[in-house]
Amino acid sequence: MEPTQPQRSPQSSRVAVAGASGLVGTALTRSLAADGHEVVRLVRRAPRGKGEVRWDPEEGYVDAVGLTGCTAVVNLAGAGIGDHRWTDAYKRELRDSRVLGTGTLAAAAAALDVPPRVFLNASAIGYYGDTGRRAVDESAPAGEGFLPSLCVEWEAATAAAERAGIRTVLARTGLVVAREGGAWARLFPLFKAGLGGRLGNGRQYWSYISLYDEVAALRHLLDTESLAGPVNLTAPEPLTNAEVTAAMGRVLKRPTLLTAPAPALRLVLGEMAGDVLASQRVLPRRLLESGFGFRFPGIEETLRAALRQDGGAAPK
């Protein structure tokens, strides 16, 4: 029997979403709209309809009139971590797209005559750095390195919303398993071609989550009044890269004999290789304690859901 998701309020609401065109944003807005909620998409170009609101995170601008009446503001915006080699210039873009955008939205939400009830901001399990074999939950401190320091700044940029009394939630998301986006959009074709294999020694832990459960968890965070602060969005049982690789081979019925040695990854990826090879054994303690039930807790069912035509279907 499938776990049930927490009961949601039948009342429709108005929800503003930044980063609505990304992998998670697209699935989340589809889920909200299917449930009858009004979705306001924040865009950086001229709006093309009443469902869009102009903003410019680098310039600190949001059309606040467009946020009027929103009961929730969701910020998923940010340049892709794996989209480019981490040059100094791209690291600045990674930081600015998150920290400046978050600060802009948090300040705009706080300044509204009637602020939203919740400000839900994306974050990442990169906050914890390399945890090795040690399992961590939301009580763990930040790690060391570029990604942990970025996550610390990113989360701190929500301060204006929190000071205004808005319930502020930080969704520390793991590796989202989906066919059409994120890391798995690159992994699936390689494994289907029989070119997949371990990365480095394969002993590093990967904390993943299905796209379905990611969206369901975000909906849960929006609706659960008792949740504020950091919440890990990862499946209950992190696996090593070698275990994930073996599961990919079983699901796709392909060999997984190749290995990408750590030195080769560092040569190709530069500083980003440290993140690829890092071990992050992250547990969703607060999510589980709040009553959330995963539909796809295991890796094989997660992979099969991602490969289906509907991608596991966004929860309604």
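Through direct or relayed side-chain contacts under 4.5 Å between Ile, Leu, Val, Met, Phe, Trp and Tyr, Val73 connects to Leu42, Trp55, Val62, Leu67, Leu105, Leu112, Phe119, Ile166. Residue Tyr128 is found in a hydrophobic cluster whose other members, listed by chain and number, are Ile125, Tyr127, Val136, Val152, Val282; membership requires side-chain heavy atoms under 4.5 Å apart, directly or through intermediates.
The side-chain hydrogen bond (donor to acceptor under 3.5 Å, both in side chains) test applied to Glu155 returns Ser123, Arg172, not counting sequence neighbours. Under the rule for a side chain to side chain contact (heavy atoms under 4.5 Å, CB included), the partners of Leu283 that lie at least two apart in sequence or sit in another chain are Ala135, Pro238. Under the side-chain hydrogen bond (donor to acceptor under 3.5 Å, both in side chains) criterion, Glu38 pairs with Arg14, not counting sequence neighbours. Residues satisfying the side-chain hydrogen bond (donor to acceptor under 3.5 Å, both in side chains) criterion with Ser226, sequence neighbours excluded, are absent altogether. Under the rule for a side chain to side chain contact (heavy atoms under 4.5 Å, CB included), the partners of Ala193 that lie at least two apart in sequence or sit in another chain are Leu195. With sequence neighbours excluded, the residues that form a side-chain hydrogen bond (donor to acceptor under 3.5 Å, both in side chains) with Ser13 are His37.
Judged purely by distance below 3.5 Å, without hydrogens or angles, the side chains of Asn232 and Thr234 never pair a donor atom with an acceptor atom.
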For residues 15-25, dump all side-chain donor-acceptor pairs below 3.5 Å to protein atoms at least two apart in sequence or in another chain.
none

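The salt bridge (Lys or Arg N to Asp or Glu O under 4.0 Å) analysis of residues 235-253, with sequence neighbours excluded, yields the pairs Arg250-Glu300. Annotation: salt bridge (Lys or Arg N to Asp or Glu O under 4.0 Å) contacts involving residues 44-53, sequence neighbours excluded, comprise Arg44-Glu58, Arg45-Glu52. For residues 95-113, the pairs satisfying salt bridge (Lys or Arg N to Asp or Glu O under 4.0 Å) are Arg95-Glu153, with sequence neighbours left out.
Between the side chain of Arg286 and the backbone N or O of Ala228 there is at least one donor-acceptor pair closer than 3.5 Å. Not one N or O on the side chain of Arg281 forms a donor-acceptor pair closer than 3.5 Å with the backbone of Ser207.
More than 12 non-hydrogen atoms from other residues, nucleotides or ligands lie less than 6.0 angstrom from CZ of Arg54.
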Exercise. Do Ser290 and His220 pass the side-chain contact (heavy atoms from CB on, under 4.5 Å) test, and can you show the C-alpha distance, the side-chain angles, and the key distance before you say yes or no?
Worked result: CA-CA 9 Å; Ser290 68; His220 179 73; 2.7 Å; yes
